[in-house]
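What follows is a short report on a single structure.
Residue numbering restarts at 1 for every chain, and letters A, B, ... go by the order of the sequence lines.
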Amino acid sequence: MEVPLYQNYVHDHLRRTSLSSSTSYFSHHFSGSELFRDRSLLSAYSLWSNRRKLRNSFCWVKCSSLEQGLRPRLKPKPSKVDRDVRKGTPSKETRITKSSVRICCHIEKLVLCNKFRDALEMFEILELEGGYDVGNSTFDALIIACIGLKSIRGAKRLCAYMIDNGIEPDQYIMNRILLMHVRCGMMIDASKLFDEMPERNAVSWNTIISGYVDSGNYKEAFRLFIMMWEEYPGCSPRTFATVIRASAGLELIFPGKQLHSCAVKAGVGQDIFVSCALIDMYSKCGGLEDAHCVFDEMPDKTIVGWNSIIAGYALHGHSEEALNLYFQMRDSGVKIDHFTFSIIIRICSRLASVTRAKQAHASLVRNGFGLDVVANTALVDFYSKWGKVDDARHIFDRMSCKNLISWNALIAGYGNHGRGEEAIEIFERMLREGMVPNHVTFLAVLSACSISGLFERGWEIFQSMTRDHKIKLRAMHYTCMIELLGREGLLDEAYALIRKAPFQPTANMWAALLRACRVHENLELGKYAAEKLYGMEPEKLRNYIVLLNIYKSSGKLKEAADVVRTLKRKGLSMLPACSWIEVKHQPHAFLSGDKHHPEIEKVVEKVDELMLEISKLGYVPEQNILLPDVDHEEKIQIYHSEKLAIAYGLINTLKQTPLQIVQGHRVCGDCHSVIKLIAMITKREIVVRDASRFHHFRDGRCSCGDYW
DNA sequence: TTAGGGTTAG
């Protein structure tokens with residue numbers, strides 16, 4: 001049989017590296033580290049012998065017969081007569097009655113109807129009275145209820161009940177209990193339980209490994225996988241599918257390739273689940289070509305496989321290719337699902353493709369996914385980014401189920417369009433409704449405060465983060481606060497905040513201070529921040545330009561000339577900026593100074609006409625354009641790409657349509673003033689999405705508060 | 001004789 005080319009590659013890789021090889025990622029990664037020491041401790045034998053040390057930590061084992069030197073077991077089950085005597089209840093025949101059967105059946109039925117809370121309430125009857133004969137199916141139903149509600153309290157109640165009633169779970173129920181701990185996020189308890197299990201099978205291993213992957217503890221997942229690989233001959237496709245996700249989580253392609261090799265060796269390289277996990281892993285680790293090879297070789301291309309490869313292309317910014325794959329998928333007769341919609345809406349958001357997003361929205365409703373939380377959250381995000389925050393709010397209000405990400409998307413939507421008060425209002429409503437905010441929520445709220453200049457509220461919220469919400473402050477939060485202080489002109493306070501940060505200041509923090517220094521003309525502090533930035537990111541052109549301008553403005557021409565020389569020596573030059581706009585379902589891209597667009601003459605004429613009109617209103621082009629002496633400078637100054645895109649939009653769209661421009665760089669100060677004036681004289685709504693934020697120009701104002 | 005696996009949104 002002919003072996004496909006890709007399989008050759010994998011086999012070759014397998015020969016060169018394998019899990020047992022001393023050069024493998026795992027050995028390399030874990031040797032000489034704490035993990036290696038842990039690994040030696042956690043060999044099968046040690047685990048067994050360490051059980052004594054661990055036994056006091058888990059309630060069941062506390063009751064086990066370890067002290068008697070026996071094989072670890074759970075608390076011996078008392079006889080029914082003993083139980084009846086202890087509880088002071090009637091004899092066994094009267095206790096195992098119809099009522100027992102009725103309650104258990106009722107619990108199971110409630111769980112079947114997803115009425116988890118009711119099932120746990122019904123369980124209270126069993127807890128209060130005790131002595132009932134509860135079977136595995138009822139325990140299983142209660143476990144499903146606890147998992148469904150992610151109820152830690154429920155999980156603990158269930159375990160306590162089993163211990164109090166001397167129930168000795170079999171392997172099946174033991175695995176289910178392990179799963180309950182994992183899914184309720186009780187990983188410490190789950191780990192102890194796993195260590196103490198009298199017997200473990202493949203399900204136990206897969207369950208605990210998936211728990212570590214889900215909780216983001218990828219190294220622990222790898223360590224357990226190695227243990228399993230070495231001591232348990234039951235690595236199934238499920239195991240590989242799970243542990244490959246750990247590689248994707250760590251964004252490390254090398255262990256991912258090794259796992260791929262191991263999967264091939266184990267004969268499960270083309271399993272559907274393994275293939276999907278591999279596509280996802282390769283694309284998240286930057287190996288899009290490998291991802292596509294795996295996809296091509298999938299014997300049966302499932303919807304998950306298609307979604308994974310489309311998401312992979314989208315992740316790497318190949319939006320057009322991703323859309324083409326989506327059309328291929330539809331043509332191949334695969335039925336799209338809510339995952340597909342979420343991915344497609346995100347691609348539309350990237351491309352600013354309003355038409356396609358609207359089609360996707362309509363299709364979403366038509367296909368019966370109108371209530372899906374993820375797809376609707378993607379829509380909230382899309383409409384917010386498009387500048388239609390009220391439409392986003394409308395979708396949000398109609399969502400029957402909202403999660404943290406939905407709230408965060410709406411808060412960011414209001415914040416990014418200069419509606420800081422409404423962002424705070426939503427944030428406060430979210431807290432009132434019992435939703436627990438995370439670091440992203442605070443990023444959205446602080447950014448909203450910064451953009452809208454809500455200094456006091458922003459500062460108050462920043463302080464409440466650690467005090468009331470126990471959220472660790474990250475560099476991004478500090479950056480927001482530096483911007484907020486900078487806007488108020490409190491430059492010394494902003495600098496003090498950088499110094500006070502409990503970590504090394506990041507380039508973004510210095511850049512935020514530098515921006516504030518430029519706006520408020522504090523040359524001294526600005527120079528200091530620029531030098532810091534220059535030292536941290538020596539290859540970033542932007543920083544050279546900033547430093548050059550600082551020297552130029554302070555009259556230090558010799559230093560300025562040195563910077564230009566360094567720039568030329570390093571071969572760094574300004575790449576022409578690119579902006580694009582979608583008109584009649586087609587994206588139109590414009591490069592700064594580029595004259596290749598078929599309608600460029602008409603567009604340039606329109607730009608000139610607009611510039612003339614705004615100059616009559618008193619607009620004077622910024623003379624001190626802060627750019628180095630590089631090629632294209634003249635063209636860049638005259639025809640900035642965003643001006644060309646706007647002019648094209650004005651010529652080719654109806655007056656009531658808002659212009660949606662996307663660009664990969666930051667809007668410069670001069671362009672910002674120009675767009676604001678164009679929006680005013682043409683009475684058009686213009687949304688510009690640049691590298692840092694959204695600018696919503698309407699009625700001669702911009703949502704960013706004229707700060708860039 | 002059950003159970004454990006892959007893709008999405010901020």
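Partners of H417(A) according to the ring pair (Phe, Tyr, Trp, His ring centres under 6.0 Å) rule, which considers only residues two or more places apart in sequence or in another chain, are F694(A), H696(A). Evaluation of the ring pair (Phe, Tyr, Trp, His ring centres under 6.0 Å) rule for Y414(A) yields no partner, not counting sequence neighbours. Annotation: ring pair (Phe, Tyr, Trp, His ring centres under 6.0 Å) contacts of F462(A) (sequence neighbours excluded): W459(A), Y478(A). Applying the side-chain contact (heavy atoms from CB on, under 4.5 Å) test to H469(A) and every residue at least two apart in sequence or in another chain returns L431(A), P437(A), F442(A), S464(A), I471(A).
The salt bridge (charged side-chain N to carboxylate O under 4.0 Å, His left out) contacts involving residues 236-255 of chain A comprise D214(A)-R245(A), where partners must be two or more places apart or lie in separate chains.
L112(A) places its CG atom 18 Å from the P atom of dT2(B), with the value rounded to the nearest Å.
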Heavy atoms under 4.0 Å is the rule here; annotate nucleotides 3-9 of chain B 5' to 3' with B where the base is hit, S where only the sugar-phosphate is, and - elsewhere. BBBBBBB
